[in-house]
Amino acid sequence: MLRLYDTATAKVRPLALRRPGAASLYVCGPTVYDAPHLGHGRFALVFDVLRRYLVASGLEVTYVSNITDVDDKVIERARQEGVEPGELARRYEETWWAAMDALGVLRPDHVPHATAYVARMVEVVGELVQRGVAYEIPDGVYLSTEAVPGYGLLARQPLDTLRAGARVEAVEAKRSPLDFVLWKKAKPGEPTWPSPWGPGRPGWHTECVVMSLDLLGEGFDLHGGAIDLIFPHHENERAQAVALGRDFAHHWVHNGWVTVAGEKMSKSLGNFTSLDDLLARGDPRAYRLLVLRAHYRSPIEVTPETVGQAEAGLARLDELARRFHLADPLAVGDPVAVVGEADDEDLDREAVARFVERMDDDLDTPGALSGVFELVREANAAADAGRATDAARTARTVAHLAAVLGLPLRGVRSAVEDPEVLDLVARRDAARAERRFADADALRTELVRLGWVVEDGPEGTRVRRP
RNA sequence: GGCGGCGUGGCCGAGUGGUUGAGGCAGGGGCCUGCAAAGCCCUUUACCCGGGUUCGAUUCCCGGCGCCGCCUCCA
């Protein structure tokens, strides 16, 4: 069974499923006010792999990830661009899904939008007021953090030390600086919804509580997001659930930062790096491989060099797929149940078991991947030694394990149709057959100049794109 | 000020109280190849510093140095 680090207990512990055989996950999605950056890509990939692995383990997985389509940043950005907030959000949501598709991230089973849940949020805020844990002041409704037992659990910091660090807030009417807004009363020009406290809009933290409980029910298995969401976002989600007396997430999982030049990547630091730029640069699978080569809780450094290294590793996997004519064992949208099918004679069961053991250990993708690369070497070595059956089985195992990680291998050589290239290849084969090697070399030079990789095999000249 | 993380070979990045230091990338040598490419084999004096615990620490403890993060919107 999968063991994962749980932020709430600061321990690696088994994912204790609410219902055996089924896993329910809620992962905080993006606020759609700008194009996604590398950090968004990482969290999406990390939880995509977690999800795929759970599916591969034979579990029935329900994966929910939201879209925050109304908040200060959306409104501000829309104002700058002179468009309606809703239109802006729709536009960046499209950008988001395009990037996710490029990365091979599976669509969530449910994608709740904050704007579609406002009425439910109003109900919840009303319930919190009724229970006496929330209070109304002139600019909105706030949750009283002091009324919540165990506030600070996720931050792993007691309430008083959190408060000691809090800066003076603009809203001085708050009872405590840590109290957070549940309902923001409308300011001119902002989108609004009706409520008992007048027109306004919900605070950020409420949507995830309402939507996760609505779609997954109480006591769902796992709540995830990037490390920066621990405090205050997840802390405040939990606070509301506790205040409501609802059983909330049983396991909290957070992934580490993407750093650029050693620093956290963020817009305010000016080192923001666009995910689209990276994806346009080369094979999107390289970023997945780069992300998976580090443990999900470690920071990863993204530089042209580390991306290049990932691309080289990917090329090694693809080369194996080419050598063994491995068709993609699955489409990107198709998680594969490798782990549970222990009777599959076409795979190296021991290698699969090692893979599972590593993945079960807090999603040790670097370890799992190292095993996959060992198999690559084994398969090639076996083939070199003439043990074709063993080699093919090992190679198939590579393809299947890579597929569990969401990395389809490109083993299919796309047919070359360019008559000029075909002519050069044919002339080169002829030259080699007649041992006119100077001519053959010249023809290879020409093919390389046209951007092809040239490989000679027993069956003649082969060309492919790099 | 409070809380937390990290410091491994040219680079990325796992991991462990003790014979043989994952894996990838890069470099070197070799095999194969007409030559290449790909592949395979071999290879390049790793664990920030100082104490401590221990028969033995890179791996545990303490201190120091350095880097990073959270405490405020943030993936």
Side-chain angles (χ1 to χ4, degrees), chain A residues 10 27-31 33-34 36-44 46-47 71-73 76 152 155-158 160-170 177-178 204 224-233 235 254-259 262-269 275 289-290 293-295 297-303 305-317 319-320 322-323 358 361 364-374 376-385 432 435-438 440-441 444-445 448 453-458 461-464:
Chain A
V27 175
C28 284
T31 300
Y33 71 103
D34 203 347
H37 60 227
L38 299 182
H40 291 106
R42 185 182 190 186
F43 99 75
V46 164
F47 288 101
D71 93 329
D72 292 349
K73 293 190 294 295
E76 176 55 30
R156 303 202 65 74
Q157 238 179 299
D160 54 340
T161 67
L162 276 171
R163 187 195 289 162
R167 296 177 188 175
V168 178
E169 299 257 349
L178 290 173
W204 178 34
I227 193 169
D228 59 320
L229 294 181
I230 293 173
F231 192 93
H233 185 53
E235 188 76 54
H254 297 94
N255 67 277
W257 291 112
V258 172
T259 61
E263 290 188 323
K264 166 186 165 180
M265 181 186 61
S266 74
K267 288 191 172 183
S268 57
L269 291 172
L275 185 57
L289 186 59
L290 175 56
R293 287 198 331 182
H295 186 80
R297 288 191 280 120
S298 301
I300 58 169
E301 177 82 2
V302 179
T303 65
E305 187 179 8
T306 59
V307 173
Q309 290 178 354
E311 285 171 341
L314 194 58
R316 185 165 160 77
L317 293 173
E319 182 57 37
L320 182 87
R322 265 193 295 277
R323 180 173 189 178
R358 283 160 169 167
D361 179 15
D364 177 15
T365 55
L369 225 33
S370 79
V372 170
F373 276 99
E374 282 174 357
V376 171
R377 179 165 41 74
E378 281 176 28
N380 280 316
D384 286 353
R432 291 185 68 225
R435 304 189 69 79
R436 287 184 285 108
F437 295 123
D441 288 349
R444 174 168 57 203
T445 302
V448 169
V453 173
V454 179
E455 295 175 329
D456 298 329
T461 293
R462 302 181 305 174
V463 294
R464 62 180 171 88

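First the proteins, then the strands, lettered A, B, ... as listed; each starts at 1.
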Look at [X] together with [Y] and state whether they make a salt bridge at an N to O cut-off of under 4.0 Å.
{"X": "A:Arg358", "Y": "A:Asp361", "result": "no"}
{"X": "A:Lys73", "Y": "A:Glu76", "result": "no"}
{"X": "A:Arg323", "Y": "A:Glu455", "result": "no"}

According to the Watson-Crick and G-U wobble definitions, with both distances under 3.5 Å, which nucleotide is paired to [N]?
{"N": "B:C25", "answer": "B:G10"}
{"N": "B:C55", "answer": "B:G18"}
{"N": "B:C32", "answer": "none"}
{"N": "B:C70", "answer": "B:G2"}

Among the nucleotides [options], which one has an atom lying closest to any side-chain atom of [X]?
{"X": "A:Asp384", "options": "B:A75, B:A14, B:G39", "value": "B:G39"}
{"X": "A:Ser370", "options": "B:G24, B:A36, B:G23", "value": "B:G23"}
{"X": "A:Asn255", "options": "B:C12, B:G34, B:A75", "value": "B:A75"}
{"X": "A:Phe373", "options": "B:G34, B:G23, B:A75", "value": "B:G23"}
{"X": "A:Gln309", "options": "B:G39, B:G24, B:A75", "value": "B:G24"}
{"X": "A:Pro232", "options": "B:C73, B:A36, B:A37", "value": "B:C73"}
{"X": "A:Pro366", "options": "B:A75, B:A22, B:C35", "value": "B:A22"}
{"X": "A:Arg377", "options": "B:A38, B:G23, B:A75", "value": "B:G23"}
{"X": "A:Ala294", "options": "B:G24, B:A14, B:A75", "value": "B:A14"}
{"X": "A:Arg293", "options": "B:A36, B:G34, B:G24", "value": "B:G24"}

Pairwise 5' ranking along RNA chain B for A:Gly308 and A:Arg42, keeping only the more 5' one: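 The residue whose closest nucleotide sits nearer the 5' end is A:Gly308.
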5' priority, RNA chain B, between A:Arg358 and A:Asn380 [closest heavy atom]: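 Of the two residues, A:Arg358 wins.
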Could you tell me whether [X] contacts a base, only the sugar-phosphate backbone, or nothing, with contacts defined as non-hydrogen atoms closer than 4.0 Å?
{"X": "A:Arg316", "value": "sugar-phosphate"}
{"X": "A:His233", "value": "nothing"}
{"X": "A:Asp456", "value": "base"}

If the [atom1] atom of [N] is compared with that of [M], how far apart are they to the nearest Å?
{"N": "B:U58", "M": "B:C48", "atom1": "C1'", "result": "11 Å"}
{"N": "B:C70", "M": "B:A75", "atom1": "P", "result": "12 Å"}
{"N": "B:G27", "M": "B:G66", "atom1": "C1'", "result": "29 Å"}
{"N": "B:C25", "M": "B:G18", "atom1": "P", "result": "28 Å"}
{"N": "B:C68", "M": "B:U16", "atom1": "P", "result": "27 Å"}
{"N": "B:U59", "M": "B:G7", "atom1": "C1'", "result": "14 Å"}

Partners passing side chain to side chain contact (heavy atoms under 4.5 Å, CB included) against A:Thr306 (at least two apart in sequence or in another chain):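 So A:Thr306 forms a side chain to side chain contact (heavy atoms under 4.5 Å, CB included) with A:Leu290, A:Thr303.
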Is [X] near enough to [N] that one of its side-chain N or O atoms lies under 4.0 angstrom from OP1 or OP2?
{"X": "A:Ser298", "N": "B:A14", "result": "yes"}
{"X": "A:Arg464", "N": "B:A37", "result": "no"}
{"X": "A:Arg297", "N": "B:A14", "result": "no"}

Donor-acceptor pair present, A:Asp228 side chain and B:G69 base, under 3.5 Å: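 Between B:G69 and A:Asp228, which were checked side chain against base, a qualifying N/O pair under 3.5 Å is absent.
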Under 3.5 Å donor-acceptor pair, A:His254 side-chain atoms to B:A75 base atoms: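 Flag unset: no donor-acceptor pair detected.
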Flag side-chain contact, heavy atom, 4.5 Å: A:Arg464 against A:Glu319: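 Of all side-chain heavy-atom pairs linking A:Glu319 with A:Arg464, at least one is under 4.5 Å.
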Beyond-backbone contact of A:Arg444 with A:Asp456, side-chain heavy atoms, under 4.5 angstrom: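 They are in side-chain contact.
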Atom-to-atom span, CD1 of A:Ile230 to P of B:C73 - whole angstrom: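 Whole-Å distance recorded here is 15 Å.
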Euclidean distance, atom CD1 of residue A:Ile227 to atom C1' of B:G4 [Å, nearest integer]: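 In whole Å, B:G4 C1' lies 9 Å from A:Ile227 CD1.
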Under the side-chain hydrogen bond (donor to acceptor under 3.5 Å, both in side chains) test, residues paired with A:Arg436 that sit two or more places apart: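 For A:Arg436, the residues satisfying side-chain hydrogen bond (donor to acceptor under 3.5 Å, both in side chains) (neighbours in sequence not counted) are A:Glu434, A:Asp439.
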